[in-house]
Amino acid sequence: MAEIMEELAGSLLEYDPSATVKLVQQALDEGYGANEILKDGLINGMDRVGVLFKNGDIYLPEVFMSAECLQEALALLKPLLKGEDGGSGNITVVIGTVEGDIHDIGKNLVATMLEGAGFKVVDIGVNMPAAEFIKAAKEHKADVIGCSALLTTTMPVMPEVAYLAKQADFGKDVKIIFGGAPVFEKWSLENGADGYSEDAASAVTLVKRLFNL
């Protein structure tokens with residue numbers, strides 16, 4: 001991996017947003033693409049944060065500080081991501097974190113990756129009841145509803161979203177996708193999802209596959 005990407009990934013554990021943004025700008029100045037910076041630098045760094053948190057080496061306050069670095073960097077990258085990979089703008093994705101869960105790091109990464117791939121993304125936020133996903137999907141004429149959860153206790157909301165989506169009259173086939181740390185593919189498919197993504201990068205591949213793009 002390029003040295004600048006290694007520095008960028010490591011910067012998320014230094015908890016200094018200005019330093020992370022400076023490295024993103026440096027990488028851009030050196031000719032790296034926004035998608036490359038996102039995948040090899042920022043997502044790589046957040047993966048490391050996740051491992052450290054899982055192993056008990058860091059705690060929630062540190063995770064939130066890393067997430068702040070990430071959000072500052074994404075603010076710089078988002079306009080560039082939209083211009084790098086077009087052609088999917090006719091597909092609209094409504095995405096949110098389900099009711100009872102206020103975690104948004106993974107959801108935000110997925111939304112950013114989808115935007116970078118040219119999809120139109122409507123982020124309805126966190127702690128969203130199942131009915132809100134359906135309401136937003138109708139309002140924005142969505143083609144995909146994406147549900148995220150980090151807490152095992154909130155996973156039952158996902159099948160509820162899938163059930164309501166199957167009962168709703170969207171006027172077209174709307175795909176349902178699940179993701180999040182406690183979620184896995186077999187459970188997702190058994191509970192109404194059309195697909196499952198284990199991380200932000202594969203979410204793009206999943207949506208493209210669902211629409212043969």
Side-chain angles (χ1 to χ4, degrees), residues 38 43 71 74-75 78-79 81-213:
L38 178 63
I43 291 180
Q71 292 304 320
L74 289 178
K78 270 189 175 182
L81 285 165
K82 291 180 181 179
E84 279 194 5
D85 186 6
S88 302
N90 60 327
I91 301 295
T92 298
V93 182
V94 163
I95 188 171
T97 303
V98 297
E99 187 174 17
D101 203 324
I102 60 171
H103 297 90
D104 66 355
I105 295 175
K107 171 186 66 65
N108 292 346
L109 277 172
V110 170
T112 299
M113 290 292 288
L114 289 169
E115 286 181 340
F119 296 101
K120 179 182 177 182
V121 177
V122 178
D123 187 344
I124 63 172
V126 301
N127 193 26
M128 286 291 114
E132 288 300 313
F133 285 87
I134 308 305
K135 179 181 176 182
K138 287 184 175 180
E139 179 182 348
H140 296 280
K141 298 180 172 58
D143 302 281
V144 182
I145 298 174
C147 303
S148 174
L150 186 65
L151 304 175
T152 305
T153 53
T154 64
M155 286 171 61
V157 181
M158 292 177 155
E160 186 180 351
V161 173
Y163 174 78
L164 291 178
K166 301 301 182 187
Q167 303 303 310
D169 181 13
F170 293 115
K172 59 181 175 180
D173 182 26
V174 175
K175 303 296 185 183
I176 313 299
I177 60 175
F178 294 168
V183 186
F184 53 95
E185 185 171 29
K186 185 174 184 292
W187 182 87
S188 298
L189 298 179
E190 288 176 348
N191 283 277
D194 296 293
Y196 155 84
S197 173
E198 65 180 358
D199 56 42
S202 61
V204 173
T205 302
L206 169 61
V207 175
K208 286 185 174 181
R209 176 174 58 79
L210 289 173
F211 291 91
N212 298 312
L213 298 175

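All values below were derived from every heavy atom in this structure, side-chain atoms included, with hydrogens, water molecules and symmetry-related copies excluded. Since the structure is predicted, the reported quantities are computational estimates derived from the model, not experimental observations.
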Out of curiosity, [X] [atom1] to [Y] [atom2], how far, rounded to the nearest 0.5 Å?
{"X": "S188", "Y": "I177", "atom1": "OG", "atom2": "CD1", "value": "10.0 Å"}
{"X": "L189", "Y": "F178", "atom1": "CG", "atom2": "CZ", "value": "9.0 Å"}
{"X": "F133", "Y": "I176", "atom1": "CZ", "atom2": "CD1", "value": "10.0 Å"}
{"X": "E132", "Y": "N127", "atom1": "CD", "atom2": "CG", "value": "10.5 Å"}

Apply the side-chain contact (heavy atoms from CB on, under 4.5 Å) test between F211 and each candidate in D143, N90, L206; give the one that qualifies.
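Exactly one pass, corresponding to D143.
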Does [X] use its side chain to pair, donor to acceptor, with the backbone of [Y] at less than 3.5 Å?
{"X": "D101", "Y": "L150", "answer": "yes"}
{"X": "D199", "Y": "S202", "answer": "yes"}
{"X": "K107", "Y": "D123", "answer": "no"}
{"X": "T97", "Y": "H103", "answer": "yes"}

NZ/NE/NH1/NH2 to OD/OE distance under 4.0 Å, E139 and K135:
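The answer is no: the pair does not qualify as a salt bridge.
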Between R209 and D194, is the closest basic N to carboxylate O distance under 4.0 Å?
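No salt bridge links D194 with R209.
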Measure the shortest side-chain to side-chain distance between L38 and L74 over non-hydrogen atoms and say whether it is less than 4.5 angstrom.
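With C-beta onward as the side chain, the pair touches.
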